[in-house]
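In what follows, a single structure is set out as structure tokens and then discussed.
Every heavy atom of this structure was used, including side-chain atoms; hydrogens, water molecules and symmetry mates were not.
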Amino acid sequence: ATGDLSPYIFRAVTMAAFVHCSGNAPVFAAQPPRLSLVGPVAHSQASSSRSSRHGQQHRSGGGVEAPAALAASASALAAQCSRRVAQRIRRRASKLETASEQGQKGGSAPKRKAAATAVKEEEPENLRRQREWQEVAGNDVCLPAGKPKAVIHFVGGAFAGATPQLFYRGFVERLCEECSAVVVVTAYKTQFNHDLAAAEANVALEASLAELALDGEDFSNLPLWGVGHSLGAVITLLLANRQPRAGCVLISVNQLPVTEAIPVPLPPPPPDSVKPVADWIRQRAVDAFEEERIAKGLESAGKAFQAASSRLGRGVSASSEPSGARSDRAKKAAPLFSQIGPVLGDLATGTRSFSPDKAAIARRIRESHKTKRTLLVQFANDSIDESEWALDVLESLGDEETPKPVVELLRLPGGHVEPLDSGVLQRPTWEPRTTRLAASIGRFVAGEAAAVPASSSKGSVEGERTALKDRILRLASGTNRGLTADSPERRAGLLSSIEDLEALALPGRGAPLTQRDREEDSLDENSLLDALVGNWKLLWATSPDVLLLAALPLVDCGEIRQDVPPQDVRSGEPLEVLNSVVLSPRGVGLLGSVLPQPLANLGSVKTTVKALAKPKSSGALSIRFVGGTFTVLGTGLPDFPLPSLPSVSATSNGGINLLTTYIDDELRVARSPLGDVFVLLRTD
């Protein structure tokens with residue numbers, strides 16, 4: 001019954017049995033042609049510390065340490081296999097026996113032989129007429145209608161990657177359809193050691209593929225692709241670096257340092273003298289967010305909410321949802337919250353860096369990366385995207401003897417969370433944009449360029465850019481910079497046009513973006529600072545602190561400006577930025593038609609706040625407010641200094657990161673870390 005099992009399954013089952021019986025992690029002398037559970041994984045420091053904790057060390061024949069986390073993951077796989085392998089083999093034997101009996105009734109030897117091998121010869125396209133989800137070895141697998149052409153290993157972003165079914169279901173379904181691929185979605189827990197997260201995802205992938213093969217669906221002959229979002233893109237890159245894949249799709253790559261990834265100032269690591277206290281705090285945090293406890297709490301909260309809704313409904317009957325469905329939903333959501341405890345615990349014990357960092361990843365890629373095709377997807381208003389860094393590293397590969405890999409950068413409208421389901425974040429643009437993203441990936445997997453060739457002409461891009469700017473100006477007129485209420489349709493149309501314009505910030509969209517394209521067409525730090533110099537007037541905004549000005553009683557909000565005086569932007573000094581707003585008594589504008597200008601301005605005040613801006617990366621500025629003045633217009637009085645401003649920080653490095661997503665001679669679009677949009681018009 002096991003004679004027809006693929007070598008892939010044989011390797012997984014053998015390894016699982018070995019670990020289950022001996023407690024040791026096996027090491028293969030040579031890498032098999034597909035993924036290996038114990039390839040050269042991780043970080044020696046993490047490996048040795050985890051090995052010593054278990055009282056043993058696992059070493060390969062070449063002296064490379066395999067992390068003990070792999071042994072634990074493999075033990076879980078062994079437990080699964082020990083239960084499932086016998087079931088699958090008995091099921092296969094039963095099918096073969098039934099087919100053989102039916103063949104014997106038919107009479108002839110050729111018919112009996114054909115009946116006995118019917119299970120093996122059945123074509124995949126006859127097994128499935130529509131896309132379907134299955135839970136395989138504890139992972140969600142999306143199977144396409146018809147014959148699959150590839151296998152895709154999908155890994156989600158930080159925290160969302162622990163419950164991908166809740167956050168990525170819609171995107172994965174479109175990916176499955178566009179690529180005609182089996183999509184294996186593996187969950188992982190967010191942690192500071194990304195090598196261990198990659199090992200966890202790797203083990204889960206192999207377990208799912210092995211169980212599918214035991215069920216008669218062996219996809220070992222199909223090309224394996226990796227697709228990852230955010231931190232999942234980093235994990236996909238680490239896995240592809242361990243062993244070549246047919247290709248990778250890296251969406252919104254993000255490997256920022258901890259000080260920038262966590263949007264609050266962090267205290268210094270605790271001294272050694274209080275290490276026991278920090279360890280105690282870590283354990284309490286882990287216990288407080290234990291997964292089973294979280295699941296029970298969510299289920300209880302759901303019951304309480306349902307009961308309260310029933311009482312408030314005054315006679316409306318409670319939901320007929322069975323308790324089992326509520327419990328299943330709570331169990332699926334629990335992993336999302338259970339990650340918080342270990343992360344807080346690691347911060348309490350002094351962990352302040354991810355492993356490996358960007359420098360270590362770049363070094364590994366240059367030493368051993370063999371994947372031939374990589375697509376980088378960058379969203380136009382993503383303030384934490386690092387696709388440019390990944391592009392630089394991947395384009396540095398290749399020499400006279402080794403051909404350069406195919407690397408394409410695709411820039412699309414939207415933000416960092418664009419692939420997440422619309423049920424999580426209500427976005428009217430989710431459907432067309434997710435479909436477009438999946439279709440672009442489908443073209444790349446099929447061997448074509450991901451971008452649509454029709455948009456590659458610079459002339460057509462310039463015409464599209466002009467049309468979008470005209471539409472933005474038309475929709476923003478009459479909204480009083482967003483201070484007056486406008487219809488939801490108008491607001492949605494304005495935001496959609498802004499995002500489409502942001503996607504055109506890099507000319508040449510529609511063709512693979514090379515280093516030369518970026519040098520000629522995109523903004524480096526100095527050219528961005530040069531473009532920022534000038535006087536800008538706020539045209540439209542969504543920021544609450546700006547919209548609050550409309551709610552001030554008996555006051556009219558006048559001009560809101562941001563002026564960047566001429567200065568030497570190449571000196572390395574921070575850029576001086578002056579933000580100002582004019583506030584006047586309500587109705588004072590009517591006096592301008594009957595009184596001289598100085599008298600008409602009497603009672604108006606102008607507040608100016610000075611800030612220093614330092615470039616962080618292409619398009620991003622770290623802004624720190626340093627002071628301001630208060631001026632009474634029409635009186636000739638000197639400026640009054642504003643009281644000291646409170647320390648406002650959106651990142652742990654003490655500044656607010658403002659991302660310039662689009663800028664030209666007329667218009668500028670900027671976004672805050674919270675997604676607030678500012679559209680400014682040049683006035684000089």
Side-chain angles (χ1 to χ4, degrees), residues 377-383 385 387 409-418 427-437 439-440 450-482 486-511 513 517-518 520-523 527-528 531-532 534 536-543 546 562 618-620 658-672 675-683:
V377 180
Q378 179 185 63
F379 294 107
N381 59 12
D382 187 351
S383 61
D385 177 83
S387 297
L409 175 65
L410 178 66
R411 185 177 172 92
L412 297 174
H416 191 77
V417 297
E418 206 64 37
R427 305 189 308 280
T429 58
W430 178 85
E431 179 78 27
R433 288 184 179 172
T434 305
T435 301
R436 178 182 176 183
L437 171 60
S440 299
V452 180
S455 301
S456 60
S457 165
K458 274 197 173 184
S460 64
V461 171
E462 187 62 36
E464 189 177 353
R465 185 185 292 120
T466 301
L468 285 170
K469 289 198 299 182
D470 290 343
R471 187 165 189 263
I472 291 170
L473 294 174
R474 184 176 70 255
L475 290 174
S477 63
T479 63
N480 189 19
R481 296 151 295 183
D486 50 3
S487 66
E489 294 78 10
R490 184 174 187 173
R491 178 185 174 90
L494 191 50
L495 287 172
S496 178
S497 298
I498 290 171
E499 291 177 344
D500 289 340
L501 181 65
E502 290 169 327
L504 299 180
L506 291 179
R509 185 194 64 164
L513 196 66
D517 293 328
R518 290 183 289 118
E520 293 179 352
D521 295 331
S522 64
L523 291 170
S527 61
L528 172 63
L532 287 173
W536 301 89
K537 179 176 69 174
L538 184 68
L539 180 67
W540 190 78
T542 62
S543 176
V546 173
Q562 185 176 84
S618 181
L658 191 67
L659 178 68
T660 297
T661 55
Y662 180 86
I663 188 169
D664 61 17
D665 294 336
E666 301 173 325
L667 203 67
R668 174 181 158 210
V669 179
R671 291 182 179 261
S672 75
D676 300 326
V677 184
F678 303 88
V679 181
L680 301 102
L681 194 65
R682 189 185 290 273
T683 61

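Note: Ser496 OG to Ile472 CD1 = 9.5 Å, rounded to the nearest 0.5 Å. From Gln562, atom CD reaches atom CG of Leu680 across 6.0 Å, with rounding to the nearest 0.5 Å. Rounding to the nearest 0.5 angstrom, the gap separating the OG1 atom in Thr466 from the CZ atom in Arg471 is 15.0 Å.
Checking each of Leu539, Val669, Val546 against Phe678 for a side-chain contact (heavy atoms from CB on, under 4.5 Å) leaves exactly one that passes, namely Val546.
When all heavy atoms of Arg481 and Leu538 are compared, the pair lying nearest together is CG-O, 3.3 Å. The nearest pair of heavy atoms linking Leu501 to Leu468 is N-CD1, 3.6 Å. Nearest approach of Trp536 to Leu667, heavy atoms of both residues: CZ3-C, 3.9 Å. Scanning both residues, Pro413 and Arg436, for their nearest heavy atoms gives CD-NH1, 3.6 Å. Minimum interatomic distance between Thr479 and Trp540 (heavy atoms only, all atoms of both residues): OG1-CD1, 3.3 Å.
Arg668 contributes no side-chain N or O that, together with a main-chain N or O of Arg682, makes up a donor-acceptor pair within less than 3.5 Å. The main-chain N or O of Leu412 is never found under 3.5 Å from a side-chain atom of Arg433 such that the two would form a donor-acceptor pair. No side-chain donor-acceptor contact under 3.5 Å links Arg671 to the backbone of Leu659. Put simply, the side chain of Ser497 gets close to the backbone of Gly493: a donor and an acceptor are under 3.5 Å apart.
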Legend entry - Glu431 vs Thr435, side chain to side chain contact (heavy atoms under 4.5 Å, CB included): CA-CA, chis, key distance, verdict: CA-CA 6 Å; Glu431 179 78 27; Thr435 301; 4.0 Å; yes

Let's go through Arg491 and Thr542 carefully: what are the C-alpha distance in whole Å and the side-chain angles of both, what is the deciding distance for side chain to side chain contact (heavy atoms under 4.5 Å, CB included) to 0.1 Å, and is it a yes or a no? CA-CA 10 Å; Arg491 178 185 174 90; Thr542 62; 3.7 Å; yes

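Counted within 6.0 Å of NZ on Lys469, heavy atoms from surrounding residues, nucleotides or ligands total more than 12; the atom is thus considered enclosed.
Using a cutoff of 4.0 Å between basic side-chain nitrogens and carboxylate oxygens, Arg465 and Asp664 are not scored as salt-bridged.
The closest side-chain donor-acceptor pair between Glu502 and Thr661 falls under 3.5 angstrom.
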